[in-house]
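Working notes for the structure below.
Chain naming here is simple, since letters A, B, ... match the order of the sequence lines and numbering starts at 1 in each.
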Protein chains: 2
Amino acid sequence: MKHDPVARIRRFNRAVTAEVGALDDSFLGRGRSLGAARVLNAIGHGIADVAALRAYLNLDSGLTSRLLRGLESEGLVETRTDPADARRRLLSLTAQGEAEYAAYEQLSDDRVRDLLRRHPKPDALLAAMDLVATALARDRIEMVEMDPRAADAVHCLQSYYAELARRFSQGFDVSLSRDPEATAMIRPRGSFIVAVSDGLPIGCAGLKGDGGKVAEIKRMWVAPEARGLGLARQMMSRLEADAAELGVEVLRLDTNSALPEAVALYRNSGWTEIERFNDDPYPDHFFEKRIDARDGAPA
Amino acid sequence: MKHDPVARIRRFNRAVTAEVGALDDSFLGRGRSLGAARVLNAIGHGIADVAALRAYLNLDSGLTSRLLRGLESEGLVETRTDPADARRRLLSLTAQGEAEYAAYEQLSDDRVRDLLRRHPKPDALLAAMDLVATALARDRIEMVEMDPRAADAVHCLQSYYAELARRFSQGFDVSLSRDPEATAMIRPRGSFIVAVSDGLPIGCAGLKGDGGKVAEIKRMWVAPEARGLGLARQMMSRLEADAAELGVEVLRLDTNSALPEAVALYRNSGWTEIERFNDDPYPDHFFEKRIDARDGAPA
DNA sequence: ATGAATCCCTGACTATGGTCAGGTATTCTG
DNA sequence: CAGAATACCTGACCATAGTCAGGGATTCAT
C-alpha cells in the first residue's frame, strides 16, 4: 500500500527534516558552528550556569568548556564565578552577544512568520502542529502545581471559559458562576495543577478547599489537541492525593450535561452522583467521592 | 506573549527534532554511521545508480564513493558497471544488505506504529501530519502528467468520488455519471494531471478530448489539507496549456452548486456560464472558456 | 581538619562528514 | 577521430562533535 499510515508519517518526517535542516543551514550562514549557535541560544534563553547548560544541551563537560571558550574569545559570552559557590561559573551574554542572539531569533522567527503568512489557514496549521507536538511529546508532559493567577494557569482558565461559552446553549459568564477565589486553590486550603507539554499549558484542574473536611474539584479542562491521552484522569488523581495530604475526606464537584466526556469520566472513576449542593446556575450534575486519608505530610 | 504562534511553532520544532534525533540514535544503535545507514536505505528504496544516489542524498562525489566502498567491504552492497554506459555504476543490495535494510525499515516502522497505536485519534493525527507536511513542502509540489489508471491517479479519483458522495444530498454513484473513458484523458486526445507533494498525491484534474476543437475539464479535486494553496488554479492553467497544444479551441465543464469553491473558481478565472450541454444527472452549472491557440507542438 | 565529592577546566584522541584537486575510463560532439 | 565532457574514483586535507583521563579549586561530611 502506498498511502498507508507509515508512508504518510515518513513523508511527514522527510518534510520536517528538510525544514529543520534548512533552519540549521541558515544558522550556519552566520558563520558560527551549530554547537556554538546552540550554546549562544541557550544562554540567551536564560540558561545561567555551566551545569544547566550541559544538562539542557546534553553535552560533555569538555565540549561545553571548549564551546564557551570560543564564544568568550569572540566577545559574545562572559563567565564569572558564582559568589554562592566558587566552583560554579555563571554565564551571561555581552551586549554583542545579545545582538547575535537577537539575530538568531530573527532568523527563526522569519521562517515561522513566512510559513504562517503564506498559509491559507494559519489557525488550522497551528492547531495541527500543536496536535502533532503533543502526540510526540506525550511522555514528557509535566504536572505542575502553580498559583491559579500565574500566566499559564490563566491561559488554561480562559480557554476553559471560552469553551464553556461555546458549549452551553445559554452561553457562559464567569461572574454568574461561583468563581472560587484564587487563595482557596492554593495551599494550605487547596491546590491548582497545570499540565505542561514542553512549555505549552494544555490542561488544568483545581482543588478548592476551606481548611475543612470537604473540598471541591473545579476548573477541569484539557486542550482539544491533548484529549484522549488520559490527562484528566491524571490531574484528578494528583488532586485526590493533594486532598488527602490536606486532610480532606470528601470531594465534591458539579458539572453540566453539555460536557458528556466529563460526566462519563466521573461516573467511571469512583464518583457517585448526589443531590444539587449549590445554587450555581450552570451545573446540572453533582458528584461526590470519599477519599482515603493517605500518609500525607502533616499541616 | 507566551502562547503566540511563534512559541507554538518552536515547540513543534523541538518536539519533532527530538523525535528525529531519537530515530537517528536508534539507527546508530545498529553500529553503522548515519551516512552509511542513509546510503543503505536509499539503495533499498530503489536508488539504482551512483549519480541518483548523490542527487538524492545531496552528497559530494568523493564522500559517496567512500561510503559505498565501506558498505561494499561489509558485504551489504554490490556495484557493477552499467552495460548501457560503462562510465556509470549500478548499485544493488546483497542478500545481507537486504536483511540490514529490512532491519532499518523495521526500526522506523515500529516507532510509527507505536505512535499511532498509543494515540486516541490516529486519523486526526495523520491528517494533522499531512497538513503540516504539505505546508512545509508547498514549494516542492510537482504537477505530473500520468495515465488516469495509475495508482496515484486512482487514489485521487476515489477520494474525489467519496467527497462527492459526502457533499451531494442525493449521494453520488460514478456509474450514473458520464465517466470519461481513460483514453479520452490521455494524449493525443486529452491529458490527466496529478499534483504530487513528496510522493503523496494531493490533487488531480483531467482534460477529456475527442481529437476535435472542443474538450472538457473533468475530475478537478484537491485534498483537504492542500486547499487554499492555489493548486486548482495551477492544474487548470496546466490543462489549458495542454489543450492549446492539442489544438483545442473551446473548453467546457460542468459542476454542482454543492461545490461552491469550484463554482467561484470558474467564475473568477475567465469562464462564462452557459446552458446545460449534457444530461448528466449531477451537475447544475455549466461553463465555457475560449482558449488562445499557443505555439503548441504540432500533433 | 581531613578525605570525599563536586565543578569546571585542559589536553589528547577519535570518528564522521565534508571539500578539493587530480586521475582514469568512457562517451559525446563536430 | 580528436578534443571536450561525463562519471566515478582516490588521496589529502579540514572542521566539528564527541570521548576520556586527569588536574586544580572549592565545598561537603564526618
Any residue meeting salt bridge (charged side-chain N to carboxylate O under 4.0 Å, His left out) with B:Asp85, in chain and number order, not counting sequence neighbours: B:Arg87, B:Arg88
Who pairs with A:Asp147 by salt bridge (charged side-chain N to carboxylate O under 4.0 Å, His left out), at least two apart in sequence or on another chain? A:Arg149
CD of A:Glu105 to CG of A:Asn41, rounded to nearest 0.5 Å, is 5.5 Å
Residue-level proximity of residues 24-38 of chain B to DNA chain C when a heavy atom falls under 4.0 Å: B:Ser33, B:Leu34, B:Gly35
So which of residues 71-93 of chain A are in contact with DNA chain C, with a heavy-atom cut-off of under 4.0 Å? A:Arg87, A:Arg88, A:Arg89
I'd like to know if [X] pairs up with [Y] as an ion pair, taking the criterion as any Lys NZ or Arg NE/NH1/NH2 lying under 4.0 Å from an Asp or Glu carboxylate oxygen.
X        : Y        : result
A:Arg111 : A:Asp114 : no
B:Asp198 : B:Arg140 : no
B:Arg10  : A:Asp109 : yes

Is there a residue in residues 54-65 of chain B whose heavy atoms reach under 4.0 Å of DNA chain D, and which residues are they? B:Arg54, B:Ser61, B:Gly62, B:Ser65
Taking CG from A:Leu53 and C1' from C:dC8, how many angstroms apart are they, rounded to a whole number? 12 Å
Can you tell me how far C1' of D:dG11 sits from CZ of B:Arg69, to the nearest Å? 14 Å
If the cut-off is 4.0 Å, is A:Arg66 near the phosphate of D:dT16, judged by side-chain N/O to OP1 or OP2? no
Can a donor-acceptor pair be found between the side chains of A:Arg11 and B:Ser197 at a distance below 3.5 Å? yes
Check: A:Ser191 side chain, A:Arg187 main-chain N or O, donor-acceptor pair, under 3.5 Å: no
Identified side-chain contact (heavy atoms from CB on, under 4.5 Å) partner of B:Leu71 from the options B:Leu91, B:Thr94, B:Val77: B:Val77
Applied to residues 32-44 of chain A, the salt bridge (Lys or Arg N to Asp or Glu O under 4.0 Å) test, sequence neighbours excluded, yields A:Arg32-A:Glu74, A:Arg32-A:Glu100
Residue B:Ala51, side-chain atoms from C-beta onward, closest of D:dC8, C:dC8, C:dG11: D:dC8
